[in-house]
Amino acid sequence: RNFTETIEVQITLKNYDPVRDKRFSGTFKLPTVPRPNLKCCVLGNAAHCEQADRIGVDHMSVEDLKKLNKNKKLVKKLAKRYDFFMASDNMI
């Protein structure tokens, strides 16, 4: 079967009042990595592109995006190359 598998999780929290405490955060580490070859591209300003370069993640600056200039072929090629994109807040 060639499809993306999903799961649904329900968690019961003891001593938690949803009326009083609206937000909570936490992390859970999976025993195995679901997609080890996930490709990411950072769309950002100069500071975020510099950070991405330091950790070895592909990045595109504002000038690089302007070179695409609404060329649909190049945009589709870019979208197929990566699994997801992360953007700076000023890019959105």
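- Other residues, nucleotides and ligands contribute only 12 or fewer heavy atoms inside 6.0 Å of the CE atom of Met86.
- A donor-acceptor pair under 3.5 Å links the side-chain atoms of Asn71 to the main chain of Lys73, judged by distance alone.
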Exercise for review: Step by step, work out the side-chain contact (heavy atoms from CB on, under 4.5 Å) result for Val62 and Leu65.
Suggested key: CA-CA 5 Å; Val62 178; Leu65 292 174; 5.8 Å; no
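- In this structure, Met91 and Leu43 approach most closely via the heavy-atom pair CG-O, 3.7 Å.
- Inter-residue side-chain proximity for Arg54 and Glu50 is flagged as met; some heavy-atom pair is nearer than 4.5 Å.
- The nearest pair of heavy atoms linking Asn37 to Asp83 is O-OD2, 3.8 Å.
- Considering all non-hydrogen atoms of both residues, Ser88 and Asn45 come closest at OG-N, 3.3 Å.
- Pairing each heavy atom of Leu78 with each of Phe85, the nearest pair is O-CZ, 3.7 Å.
- Annotation for Gly44 and Cys49: closest pair O-SG, 3.4 Å, computed over non-hydrogen atoms.
- Here NE2 of His59 is found 8.0 Å from CG of Asp64. Values are rounded to the nearest 0.5 Å.
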